[in-house]
Amino acid sequence: MSFYWKTRTLVSGDYREVERNMIAWHNAKVIKKYKGKEEIYCVSRLFTDEGGLFCIFLKAIAGISYSIQNGFIPVIDMQTKENIFLSRQDRKKTNAWELFFEQPAGVSFSQIKDKPNKIVLENPLGPSDLFELVSAPQMTAYWRKLCEKYIRFSPEQENVIRKYQTIFEPEDKVLGVLARGTDYLNPGVGHAVQPSVDEVVKRTKRNIEKNGCNKIFLATEDGMILERMKQEYGKKLLYVDQKRYQGMQQNKLGHLSDYVADAIDMNRSYLAAIYYLSKCSSFFGGVTTGTVGVYLLSEGFEEFEFWYRGAHGASDEKTLDIHKL
């Protein structure tokens with residue numbers, strides 16, 4: 001991209017586009033410098049101030065992909081920069097990635113942080129376009145294979161997952177439902193509109209009738225959604241135990257002090273729920289990075305249905321009111 005367009009993009013405020021351009025420029029530069037050399041570590045440096053475990057996950061697998069495509073050794077760094085899982089003091093001795101996952105190549109960041117033979121990617125951009133993935137089988141196959149080979153849960157995360165392994169009976173045919181609620185009730189511009197509780201119930205009934213599912217596995221942080229689904233499906237409803245929120249929040253969950261205090265445990269429960277959603281025979285959910293994670297961690301579904309009505313304040317149904325034109 002020319003200097004003119006880079007400057008114009010920066011002035012316009014489209015920082016995401018700037019980030020994409022800078023990453024592409026950086027990648028090309030380090031490939032030229034390190035291509036063909038042996039034992040080069042490629043560090044994906046991930047950070048966030050809001051949580052978003054699967055936003056982080058998608059950046060991580062992008063970094064892993066970049067590493068293996070260029071013959072580098074992938075390493076995930078969630079120590080150097082801010083994240084809600086660890087305080088600044090805790091980050092001196094703990095890598096937040098390793099709370100949930102093992103390192104993709106078995107090499108921790110602490111082992112190589114002082115070595116000169118490494119390159120660093122800052123928040124690489126992952127495969128977050130669900131529409132593109134679903135419509136491109138070859139792309140789906142690539143990312144699923146990468147996840148199968150390089151994504152392994154930490155021992156602590158495995159313990160959380162095993163805690164719920166008996167809730168599925170071998171004869172069950174389960175519909176997985178991902179219903180994000182509270183953290184999208186008072187959203188910022190750009191976040192995808194999520195289905196209402198009534199819409200979740202409606203689509204769940206339709207899917208059960210169509211695909212013959214006898215159980216529903218629900219993943220949600222919203223206590224109101226859970227209670228409504230319990231009323232509808234009783235003992236047919238399966239879910240993991242976790243802290244949940246009631247009513248409209250004024251901020252995203254990642255900005256709430258009580259969420260931050262329990263961020264590790266809450267995200268371990270959430271990750272376990274995502275894992276079990278990926279094992280269901282059918283799926284329904286809104287457009288979120290969690291839904292992308294479910295899709296990539298799975299081996300496929302009889303039916304994969306996602307609900308999309310645009311983004312808040314940009315292209316949602318209320319914004320697209322033709323009567324106001």
Side-chain angles (χ1 to χ4, degrees), residues 50-55 84 160 163-164 167-168 174-209 213-278 280 282-294 305-313 316-318:
E50 296 181 343
L53 182 60
F54 270 85
C55 179
I84 71 160
V160 177
K163 180 180 176 181
Y164 298 100
I167 66 174
F168 285 10
V174 185
L175 166 65
V177 177
L178 178 57
R180 303 297 290 169
T182 322
D183 55 347
Y184 288 93
L185 285 176
N186 190 24
V189 172
H191 287 288
V193 177
Q194 299 299 299
S196 66
V197 183
D198 288 340
E199 190 68 33
V200 170
V201 171
K202 174 184 173 182
R203 296 299 179 103
T204 299
K205 288 180 177 178
R206 187 201 66 79
N207 196 296
I208 288 174
E209 293 172 359
C213 295
N214 66 314
K215 295 286 179 65
I216 303 102
F217 181 83
L218 173 67
T220 185
E221 85 298 330
D222 191 312
M224 296 172 65
I225 294 176
L226 176 61
E227 290 306 312
R228 173 68 184 280
M229 292 290 279
K230 280 182 178 179
Q231 293 172 12
E232 294 286 339
Y233 299 107
K235 293 182 179 180
K236 290 183 178 180
L237 188 71
L238 311 173
Y239 51 90
V240 303
D241 296 322
Q242 68 171 80
K243 181 177 181 178
R244 291 184 167 87
Y245 289 79
Q246 302 282 342
M248 182 174 290
Q249 306 299 310
Q250 295 304 309
N251 288 302
K252 290 186 66 179
L253 291 187
H255 291 162
L256 302 178
S257 58
D258 63 330
Y259 178 89
V260 173
D262 297 326
I264 294 173
D265 288 340
M266 285 196 67
N267 279 277
R268 280 184 175 152
S269 296
Y270 177 55
L271 182 52
I274 293 291
Y275 169 81
Y276 283 110
L277 285 173
S278 75
C280 293
S282 299
F283 174 85
F284 168 73
V287 173
T288 70
T289 53
T291 297
V292 179
V294 170
E305 180 185 11
F306 60 90
W307 189 94
Y308 186 66
R309 294 295 184 274
H312 284 283
D316 57 274
E317 290 177 318
K318 291 182 179 179

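We number each residue from 1, following the sequence as shown.
Looking only at side-chain heavy atoms (C-beta outward), Asp198 and Arg228 come within less than 4.5 Å of each other. Contact check for Glu232 versus Lys205: side-chain heavy atoms found under the 4.5 Å cut-off. Here the side chains of Asp265 and Val160 are not in contact, with every heavy-atom distance at 4.5 Å or above. At a threshold of 4.5 Å between non-hydrogen side-chain atoms, the residues Val177 and Phe283 do not count as touching.
With rounding to the nearest 0.5 angstrom, the CE atom of Met266 is 11.5 Å from the CG atom of Leu53. Put simply, CG on Leu218 and CG on Leu178 are 8.5 Å apart, with the number rounded to the nearest 0.5 Å.
Among all heavy-atom pairs drawn from Cys280 and Phe168, the shortest one is SG-CZ, 4.2 Å. When all heavy atoms of Cys213 and Val174 are compared, the closest pair comes out as SG-C, 3.9 Å. Between Ile274 and Gly293, the shortest heavy-atom contact is CG2-C, 4.4 Å. Contact detail for Ser282 and Asn207: the closest heavy-atom pair is CB-OD1, 3.6 Å. Smallest separation of non-hydrogen atoms from Thr289 and Cys55: OG1-N, 3.6 Å. Annotation for Gly286 and Pro195: closest pair CA-CD, 3.9 Å, computed over non-hydrogen atoms.
Thr291 places no side-chain N or O within donor-acceptor distance of the main-chain N or O of Gly285, the cut-off being under 3.5 Å. Counting only distance, with no hydrogens or angles, the side chain of Thr220 and the backbone of Ala179 share a donor-acceptor pair below 3.5 Å. Put simply, the side chain of Thr204 gets close to the backbone of Val200: a donor and an acceptor are under 3.5 Å apart. In this structure, the side chain of Asp222 engages the main chain of Ile225 through a donor-acceptor pair within 3.5 Å. In this structure a side-chain-to-backbone donor-acceptor pair under 3.5 Å is present from Tyr164 to Asp241.
Around the NZ atom of Lys230, the shell of radius 6.0 Å holds more than 12 heavy atoms that belong to other residues, nucleotides or ligands.
In terms of the side chain to side chain contact (heavy atoms under 4.5 Å, CB included) criterion, residue partners of Lys236 (sequence neighbours excluded) are, by chain and number, Ile216, Tyr233.
Salt bridge Glu221/Lys243: absent, no basic N to carboxylate O contact under 4.0 Å.
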Problem - Val201 and Met229: CA distance, side-chain angles, deciding distance, side chain to side chain contact (heavy atoms under 4.5 Å, CB included) verdict - result: CA-CA 7 Å; Val201 171; Met229 292 290 279; 3.9 Å; yes

Practice task
Show the numbers, then the answer: is there a side chain to side chain contact (heavy atoms under 4.5 Å, CB included) between Thr288 and Gln194?
Solution key: CA-CA 9 Å; Thr288 70; Gln194 299 299 299; 3.5 Å; yes

Practice task
Carefully, step by step, assess Phe217 and Tyr239 under the rule ring pair (Phe, Tyr, Trp, His ring centres under 6.0 Å).
Solution key: CA-CA 6 Å; Phe217 181 83; Tyr239 51 90; 8.3 Å; no

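Checked against a 6.0 Å centroid threshold, the rings of Phe306 and Phe284 do not count as neighbours.
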